[in-house]
Protein chains: 2
Amino acid sequence: MGVDNVIFSVDTAQNRLLALLVKRQSEPYIGDWSLPGTLVRKGESLEAAAYRILAEKLRVENLYLEQLYSFGGPHRDPREAPDSFGVRYLSVSYFALVRYEDAMLIADEGCEIDWHPLGTLPNLAFDHQDILSYGHRRLCNKLEYSPVAFDVLPDRFTLADLYQLYSTVLGENFTDYSNFRSRLLKLGFLADTGEKVCRGAGRPASLYRFDAEAFAPFRDKPLVFV
Amino acid sequence: MGVDNVIFSVDTAQNRLLALLVKRQSEPYIGDWSLPGTLVRKGESLEAAAYRILAEKLRVENLYLEQLYSFGGPHRDPREAPDSFGVRYLSVSYFALVRYEDAMLIADEGCEIDWHPLGTLPNLAFDHQDILSYGHRRLCNKLEYSPVAFDVLPDRFTLADLYQLYSTVLGENFTDYSNFRSRLLKLGFLADTGEKVCRGAGRPASLYRFDAEAFAPFRDKPLVFV
DNA sequence: TTAATTATAGTAAAAATTACTATAATTACA
DNA sequence: TGTAATTATAGTAATTTTTACTATAATTAA
């Protein structure tokens with residue numbers, strides 16, 4: 001039984017949504033890119049295994065992680081072989097969003113690992129393309145309905161930072177900046193810190209922080225940010 | 001590796017949301033109620049196993065089924081014992097909504113099985129209460145955002161039937177009937193068959209059917225029925 | 001025949017969304 | 001130094017959607 005992670009990050013400098021892939025070093029699919037995965041260890045929970053893979057590939061402080069789906073058809077892996085329970089390889093997938101700027105790739109002994117823009121993905125091993133696509137759908141939904149963005153933004157951020165994260169993930173047909181601003185501000189869980197930052201030309205922007213307490217009443221409500 | 005099902009139905013005559021439970025006939029938790037479950041067979045997909053349990057407990061034509069979550073902490077089952085993969089018992093749960101009026105319980109050799117109203121559930125075996133609660137949350141969301149209702153309504157139904165299903169599942173603080181009607185009708189995927197039915201006193205109601213083709217543009221869009 | 005009952009249509013006020021315009025505060029550069 | 005470009009922010013009018021109702025239609029019950 002294995003855990004496979006779909007790990008996303010947003011490169012705000014280049015406006016790209018990225019997925020973390022590792023190159024397989026053994027058969028089957030040797031040399032192909034795949035999702036980082038692992039077998040679950042004795043006594044280890046699924047979530048613990050998911051965090052462990054992530055920590056083996058990435059040094060990162062700020063992230064959001066949740067279970068995605070379990071893929072377990074009998075023909076998904078050529079390694080298929082009966083075992084004591086009469087089942088074949090099962091993959092429980094998790095999806096994560098991490099802060100790109102902080103994430104340090106851990107490249108141990110020749111293990112190739114890299115970020116890949118969602119637009120130009122290589123062919124993936126196993127059914128990992130399906131898993132990744134499913135993870136992408138979930139990421140979009142999560143962003144629209146949950147405050148996951150604030151797990152990967154810095155503690156203090158501008159509304160432009162927030163907007164850029166949203167529009168990079170959700171694509172072109174996203175609300176315009178002005179309306180996004182007023183909607184978010186009206187919700188009342190973005191607290192203006194009073195501080196300003198200058199980023200290149202133009203009027204300085206206010207730094208906001210996410211007020212988790214003020215967000216509490218929205219928990220588990222269908223709250224749409226788009 | 002096992003599959004456990006959270007199977008819901010709506011008793012419209014009594015306005016109750018029901019879950020299907022079976023009484024355990026072996027240790028651990030012997031005599032307690034639990035979700036219907038099974039071990040996955042050699043060469044069987046997870047979904048196939050989920051449909052198989054359902055078919056073993058219930059004769060029913062109309063249903064909706066989807067994967068819920070995988071529960072796999074190392075301490076969830078007292079039966080825990082290491083196996084060849086180094087993992088413990090894992091439960092992949094599925095949730096289903098079936099048409100109550102058609103569903104025939106299959107009671108084989110002394111296997112106790114019954115519908116239980118969500119309000120008055122007994123103590124459940126293992127972590128099945130958690131799984132059931134999670135399934136209930138998912139059911140509410142599904143109903144609000146997807147056309148699952150039409151999988152368990154008869155082919156032709158009145159708007160009152162539809163409203164009753166929604167309000168039974170989603171509870172008291174649900175939109176009023178009049179606004180529910182106009183919202184649904186405006187969406188344009190309910191086709192008036194022209195037929196009328198009399199149900200007790202009052203003006204006869206139109207029978208509608210779900211027009212899957214007209215619904216197509218809404219697929220995967222965040223469509224709120226509430 | 002009248003009252004009760006259920007289905008359906010419609011509507012006015014409130015709220016939310018959308019597509020903008022205007023203004024403020026900074027940097028870039030001629 | 002002054003003017004243009006740039007970015008942030010505020011505001012607003014038109015439209016659409018939602019909400020809380022009222023009115024009317026078609027049937028059964030008495």
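Here is how names work: the chains are called A, B, and so on, in the same order as the sequence lines, proteins then strands, and each is numbered from 1.
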When Lys186(A) and Cys198(A) are each assigned the nearest nucleotide of DNA chain C, the 5'-most assignment goes to Lys186(A)

How many Å lie between CZ on Phe180(A) and C1' on dC20(C), as a whole number?
-> 19 Å

Taking Thr193(B) for the side chain and Leu207(B) for the main chain, is one N or O donor matched with an acceptor at less than 3.5 Å?
-> yes

Does the side chain of Thr158(A) come under 3.5 Å of the side chain of Asp161(A) through a donor N or O and an acceptor N or O?
-> yes

Are the side chain of Ser93(A) and the backbone of Tyr69(A) linked by a donor-acceptor contact shorter than 3.5 Å?
-> yes

When Tyr51(B) is tested against each of Val3(B), Leu65(B), Leu46(B), Asn5(B) for side chain to side chain contact (heavy atoms under 4.5 Å, CB included), which residue passes?
-> Leu65(B)

Side chains of Asn123(B) and Gln129(B): is there a donor and an acceptor less than 3.5 Å apart?
-> no

For nucleotides 6-10 of chain C, tabulate all protein N/O to nucleotide N/O atom pairs closer than 3.5 Å, reporting atom names and distance.
unit_1  : atom_1 : unit_2    : atom_2 : d
dT6(C)  : O2     : Arg203(B) : N      : 3.0
dT8(C)  : OP1    : Ser206(B) : N      : 2.6
dT8(C)  : OP1    : Ser206(B) : OG     : 3.3
dT8(C)  : OP2    : Arg181(B) : NH1    : 2.7
dT8(C)  : O5'    : Arg181(B) : NH1    : 3.3
dT8(C)  : O5'    : Arg181(B) : NH2    : 3.4
dA9(C)  : OP2    : Arg181(B) : NH2    : 3.1
dA9(C)  : N6     : Ser178(B) : OG     : 3.2
dG10(C) : O6     : Ser178(B) : OG     : 3.0

Rounded to the nearest Å, what distance is computed from the CZ atom of residue Arg183(A) to the P atom of nucleotide dT12(D)?
-> 19 Å

